[in-house]
Number of protein chains: 2
Amino acid sequence: MAAREVPNIVISRLPLYLRALEFMQREGKQVVASRELAERLGVSSAQIRKDLSYFGEFGKQGSGYQVDHLILELKRILKVDREWDMALVGVGDLGRALVHYEGFKGKGFCISLLFDNNPEKIGAKINDLEIMDSRLISELIPKWGIKIAIIAVPPQEAQGVADELVKAGVLAILNYAPITLKVPKHVKVQYIDPVVHLQRMTYYIGGNN
Amino acid sequence: MAAREVPNIVISRLPLYLRALEFMQREGKQVVASRELAERLGVSSAQIRKDLSYFGEFGKQGSGYQVDHLILELKRILKVDREWDMALVGVGDLGRALVHYEGFKGKGFCISLLFDNNPEKIGAKINDLEIMDSRLISELIPKWGIKIAIIAVPPQEAQGVADELVKAGVLAILNYAPITLKVPKHVKVQYIDPVVHLQRMTYYIGGNN
DNA sequence: TCGTTTTTGTTCATAATACCACAAACTCCT
DNA sequence: AGGAGTTTGTGGTATTATGAACAAAAACGA
């Protein structure tokens, strides 16, 4: 496979393949064909094969893909064959739920630093993690070498927090605040806004679509 | 504009336009050009104009779009010019955070029914909402005429819950469980899995991308 | 009033994406 | 051993999405 730049849309699908493969692994499946994986995910098998072919030849004709091996390869490609420390900014209801969330375990991520600007929260602990003053972002993030942050603050504070994080060296932001962030283009942002997701579905309900 | 089918990718952008416009509205802005909106969102102005043109001519040459009016039109198009009752299944940490979430207010959505299968939770109240037994899904959802549900249960229960919801008449599901759901094609699903979103960014960190 | 500047809606060309189809490689059964 | 059945990786093609460019319309200033 030529060393072409891999399209972002391909990268965005790999985590879905990985998630499904890990699910199958827990079910005890050892080998899987692109066809079966495709059916589970509701995509075409050709797409899966083509996406994977950007990175190498992982399958075997006649049988398919070794589940364990493909999982390892995908983790390596996505760079989640390690554990990334993350900073969480904004410890409200949502922030707290994220700290307690068990789903990060074994997936390559770990919340290691908490920030909030509410004096009543600073110093308190959640899951043995102390809540730090947001003003210490520029000091603690470089010290820990943190590259990934989660923003869970009110919308009007989000851009300011993002600016601070970027200045401190963060390269990837998972943004739960309902606002589009302005960041330098070397910084990646992913958005989670339940309202946006819901509004993407209502168009199709009821009407003549 | 001809009555062509509107591509899903266009629909998926409209909530972002709406969100930015409402932000500008709160700032007191009355008129906006596609150019300015585009810059805020990091997209091209041609794209915004083209997306909007699927639904009509909302702008005026020389000045731009009336913010108030465009908001109303987008809300009408997306069918959020009303309030949708939603059912939430799974009242764990995340479910609780969603019930307390203030962001649904005024955006067209309202959580009106809670379900859980944990006997210790059933009957308890959160925000004046009683937690109902999940076995009552098939009874209460049609009774309330609910069309939208949020799934916040552990992954191994998610597919079963989805099946129940679909049977009860739900047409749109916001799925927080880390699993791809199998649903009939008249049912829309949107996925929120922080791990997937994070894994879409790590590929670009550090390496030679 | 009239020329200059803005901005829309749309056309058209280009780019990105998805998918069909098939040779080659492997499996499995008899 | 060998033929039938599977499944991969990929070349080619159809489809879809993006973006540049421009006429028409409105705004503005002198």
Side-chain angles (χ1 to χ4, degrees), chain A residues 1-17 20-21 24 29-71 73-74 77 185 200 203 209, chain B residues 1-17 20-21 24 29-71 73-74 77 185 200 203 209:
Chain A
M1 171 52 50
R4 277 193 50 223
E5 166 108 11
V6 182
N8 176 263
I9 196 159
V10 170
I11 300 299
S12 76
R13 281 190 292 257
L14 299 186
L16 303 177
Y17 303 163
L21 286 163
M24 290 171 165
K29 199 169 236 322
Q30 309 216 333
V31 175
V32 68
S34 59
R35 172 86 188 285
E36 189 183 353
L37 189 56
E39 269 168 21
R40 278 241 201 177
L41 293 169
V43 301
S44 82
S45 63
Q47 180 154 87
I48 291 181
R49 293 198 300 277
K50 195 154 232 218
D51 286 353
L52 294 176
S53 78
Y54 277 98
F55 303 97
E57 308 194 356
F58 306 123
K60 198 154 61 157
Q61 282 131 325
S63 54
Y65 300 87
Q66 205 71 30
V67 173
D68 293 11
H69 180 247
L70 189 49
I71 287 175
E73 291 287 358
L74 283 173
I77 293 163
K185 64 178 171 314
R200 283 174 178 161
Y203 174 78
N209 309 293
Chain B
M1 169 54 49
R4 278 192 51 225
E5 167 109 10
V6 183
N8 177 264
I9 196 163
V10 170
I11 300 298
S12 77
R13 282 191 292 258
L14 299 186
L16 303 177
Y17 302 164
L21 286 163
M24 290 171 164
K29 199 168 233 327
Q30 308 216 330
V31 175
V32 68
S34 60
R35 172 88 188 285
E36 188 182 354
L37 189 55
E39 270 168 20
R40 279 241 200 177
L41 292 169
V43 300
S44 82
S45 63
Q47 181 155 88
I48 292 181
R49 293 198 300 277
K50 190 156 230 237
D51 286 352
L52 294 177
S53 78
Y54 277 98
F55 303 96
E57 308 194 356
F58 306 122
K60 196 153 61 158
Q61 281 132 326
S63 54
Y65 300 87
Q66 204 71 28
V67 174
D68 292 11
H69 180 246
L70 189 50
I71 287 175
E73 290 287 358
L74 283 173
I77 292 164
K185 64 179 173 314
R200 284 175 177 162
Y203 173 81
N209 310 292

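Keep in mind that what you see is a predicted model, and the values were worked out from it rather than measured. Note on naming: letters A, B, ... go to the chains in the order of the sequence lines (proteins, then strands), and numbering restarts at 1 for each one. Just so it is clear, the values below take in all heavy atoms, side chains as well, and ignore hydrogens, waters and symmetry mates.
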**Student:** Over all strands shown, is Leu52(A) touching base, sugar-phosphate only, or nothing at heavy-atom distances under 4.0 angstrom?
**Tutor:**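 No contact at all - Leu52(A) keeps every heavy atom at 4.0 Å or more from the nucleic acid.
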**Student:** Rounded to the nearest 0.5 Å, how far apart are CD1 of Ile77(A) and CG of Leu70(A)?
**Tutor:**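 The distance works out to 8.0 Å.
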**Student:** Which whole-number value in Å describes the distance from Glu57(B) CD to dA26(D) C1'?
**Tutor:**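 Going from Glu57(B) (CD) to dA26(D) (C1'), I get 14 Å.
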**Student:** Expressed as a whole number of angstroms, how long is the span from Tyr54(B):OH to dT11(C):C1'?
**Tutor:**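 Distance check: Tyr54(B) OH to dT11(C) C1' gives 13 Å.
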**Student:** Whole Å only: how far is the CG atom of Leu70(B) from the C1' atom of dT8(C)?
**Tutor:** 13 Å
**Student:** Please give, in whole Å, the distance from dT8(D) C1' to Phe58(A) CZ?
**Tutor:** 13 Å
**Student:** Distance check, rounded to the nearest 0.5 Å: Phe55(A) atom CZ versus Leu52(A) atom CG?
**Tutor:** 8.5 Å
**Student:** Does Lys29(A) have any salt bridge (Lys or Arg N to Asp or Glu O under 4.0 Å) partners at least two apart in sequence or in another chain, and if so, which?
**Tutor:**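 Lys29(A) satisfies salt bridge (Lys or Arg N to Asp or Glu O under 4.0 Å) with Glu36(A) once adjacent residues are dropped.
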**Student:** What integer distance in Å separates Ile11(A):CD1 from dT17(C):P?
**Tutor:**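 Checked: the CD1 to P distance equals 12 Å.
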**Student:** For nucleotides 27-30 of chain C, give me every protein contact, N/O to N/O, under 3.5 Å, one pair per line with atom names.
**Tutor:**
| from | atom 1 | to | atom 2 | distance (Å) |
| --- | --- | --- | --- | --- |
| dT27(C) | OP1 | Lys60(A) | NZ | 3.4 |

**Student:** Taking the minimum atom-to-atom distance to the side chain of Ile9(A), which one of dA18(C), dA17(D), dT18(D) wins?
**Tutor:** dA18(C)
**Student:** If you look at every heavy atom in Ile9(A) and Ser12(A), which pair is closest and at what distance?
**Tutor:**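 Distance-wise, the nearest heavy atoms are O-OG, 2.8 Å.
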**Student:** Among dT17(C), dG9(C), dT18(D), which is the nearest nucleotide to the side chain of Pro7(A)?
**Tutor:** dT17(C)
**Student:** For the OH atom of Tyr17(A) and the CG atom of Leu74(A), what is their distance to the nearest 0.5 Å?
**Tutor:**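 These two atoms lie 9.5 Å from each other.
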**Student:** Just list the side-chain donor-acceptor pairs under 3.5 Å for residues 41-48 of chain A, sequence neighbours left out, or say none.
**Tutor:**
| from | atom 1 | to | atom 2 | distance (Å) |
| --- | --- | --- | --- | --- |
| Ser44(A) | OG | Gln47(A) | N | 3.1 |
| Ser45(A) | OG | Arg49(A) | NH1 | 3.2 |

**Student:** Given atom CG of Leu37(B) and atom C1' of dT6(C), what is their separation to the nearest angstrom?
**Tutor:**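 In whole Å, dT6(C) C1' lies 17 Å from Leu37(B) CG.
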**Student:** OP1, OP2 of dC26(C) versus side-chain N and O of Tyr65(A): anything below 4.0 Å?
**Tutor:** no
**Student:** Could you tell me how far apart Glu5(A) (CD) and dA15(C) (P) are, to the nearest whole angstrom?
**Tutor:**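 The distance from CD of Glu5(A) to P of dA15(C) comes to 16 Å, rounded to the nearest Å.
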**Student:** Could you work out, with salt bridge (Lys or Arg N to Asp or Glu O under 4.0 Å) as the rule, every residue matching Arg200(B), not counting sequence neighbours?
**Tutor:**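 Residues passing salt bridge (Lys or Arg N to Asp or Glu O under 4.0 Å) with Arg200(B): none at all.
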**Student:** By a strict heavy-atom criterion of less than 4.0 Å, which residues belonging to residues 39-50 of chain B are in contact with DNA chain C?
**Tutor:** Arg49(B), Lys50(B)
**Student:** Show every donor-acceptor pair shorter than 3.5 Å between a side-chain atom in residues 58-68 of chain A and any protein atom, with sequence neighbours excluded, or say none if there are none.
**Tutor:**
| from | atom 1 | to | atom 2 | distance (Å) |
| --- | --- | --- | --- | --- |
| Asp68(A) | OD1 | Gln25(A) | NE2 | 3.2 |

**Student:** Please state whether the phosphate of dT7(C), meaning OP1 or OP2, lies under 4.0 angstrom from any side-chain nitrogen or oxygen of Ser34(B).
**Tutor:**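 For Ser34(B), the contact criterion (side-chain N or O under 4.0 Å from OP1 or OP2 of dT7(C)) is not met.
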**Student:** Hey, could you give me the CZ/CG distance between Arg40(B) and Leu21(B), rounded to the nearest 0.5 Å?
**Tutor:** 9.5 Å
